[in-house]
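Accompanying notes for the structure given below.
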Amino acid sequence: MTLTKEDREIIEKSIRDIPDFPKKGIIFKDITTLLNNPNAFKTLINHLEERYKGYNLDYIAGIDARGFIFGSILADRLNIGFVPIRKKGKLPYTTVSEKYSLEYGFDEVEVHIDAFPKENARVLLIDDLIATGGTASAGVSLIKKVGAECVEACFILELDFLNGRKDIDTEVYSVIHID
Ligand code: AMP
């Protein structure tokens with residue numbers, strides 16, 4: 001299901017650019033102005049529901065923290081479960097973890113070892129934005145490590161100039177592309 005030009009504009013215009021945040025040279029894509037705009041938020045979620053209702057998904061896995069917002073609403077629309085992929089040290093039960101590189105150093109994400117109780121679960125990974133792809137790639141690895149299948153990784157925004165999708169070991173879908 002493709003997004004109409006009008007709907008794409010509604011979503012795109014609702015996202016605010018914040019130059020030099022969190023540091024000089026970065027244009028931060030602020031989705032809080034999408035979240036507080038009911039028309040844009042609903043247009044986005046309606047589109048994602050349309051796209052994914054035929055995918056036969058079992059779970060949505062959202063990345064800490066903005067992936068939780070979009071992922072949990074979409075999971076409810078699709079009547080499936082939601083699984084949080086969290087930054088290190090937040091999950092209380094036994095976890096599996098994956099390190100990934102940042103510009104300087106490393107970060108780590110984790111998921112519960114029994115996060116996807118259904119056997120051979122079909123999972124959609126979701127986050128707000130893909131930049132270098134490091135975070136999403138770690139998320140895809142985690143889903144596989146605990147025995148599920150990541151059928152697609154979905155983003156509201158993709159920074160095309162960083163080509164982060166090249167390292168993602170699954171299909172990639174982004175609603176808005178920034179070149
Ligand atoms: P990366 O691992 O480089 O693909 O970075 C993706 C993660 O960092 C996502 O969780 C995004 O929310 C966040 N992020 C990276 N760059 C930006 C940006 N320009 N604006 C907003 N969020 C960003």
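Remember, it's 1-based here, ligands and their atoms both numbered in the order they're listed. None of these values were measured; they are calculated from a predicted model. Side-chain atoms are counted along with the backbone in the values below, which use heavy atoms only and exclude waters and symmetry mates.
Rounding to the nearest 0.5 angstrom, the gap separating the CG atom in D64 from the NZ atom in K88 is 13.5 Å. Going from atom CG of L35 over to atom CD1 of I69 covers 5.0 Å, rounded to the nearest 0.5 Å.
When only interatomic distances are considered, the shortest N/O to N/O separation between G133 and ligand 1 falls below 3.5 Å. Among the atoms of A131, some N or O lies under 3.5 angstrom from an N or O of ligand 1.
Protein non-hydrogen atoms do not reach within 4.0 Å of atom 8 (O) of ligand 1.
Contacts between L129 and ligand 1 below 4.0 angstrom, taking non-hydrogen atoms only, involve backbone and side chain alike. With a heavy-atom cut-off of 4.0 Å, D127 touches ligand 1 through its side chain alone.
Ranking protein heavy atoms by distance to atom 13 (C) of ligand 1, first place goes to R66 NH2, 4.2 Å. Nearest protein neighbour of atom 2 (O) of ligand 1, counting heavy atoms only, is T135 OG1, 2.5 Å. Taking atom 12 (O) of ligand 1 as the reference point, the nearest protein heavy-atom neighbour is D128 OD1, 2.7 Å. Looking from atom 19 (N) of ligand 1 to the surrounding protein, the closest heavy atom is I27 O, 3.0 Å. Scanning all protein heavy atoms for the shortest distance to atom 20 (N) of ligand 1 gives K29 N, 2.9 Å. Nearest protein heavy-atom neighbour of atom 3 (O) of ligand 1: T132 OG1, 2.6 Å.
When the ring pair (Phe, Tyr, Trp, His ring centres under 6.0 Å) test is applied to F155, no partner is found at least two apart in sequence or on another chain. Residues satisfying the side chain to side chain contact (heavy atoms under 4.5 Å, CB included) criterion with E9, sequence neighbours excluded, are K5, K13.
Residues I178 and F161 come closest through the heavy atom pair O-CD2, 3.9 Å.
Annotation for ligand 1: atoms under 4.0 Å from non-hydrogen atoms of G134 are 2 (O), 4 (O).
Residue I27 places its CD1 atom among 12 or fewer non-hydrogen atoms of other residues, nucleotides or ligands, all under 6.0 Å distant.
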Starting from the C-alpha separation in whole Å, work towards a yes-or-no answer on salt bridge (charged side-chain N to carboxylate O under 4.0 Å, His left out) for D17 and K29. CA-CA 5 Å; D17 282 358; K29 293 289 178 182; 2.5 Å; yes

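In this structure, S14 contributes its side chain and I11 its backbone to a donor-acceptor pair below 3.5 Å.
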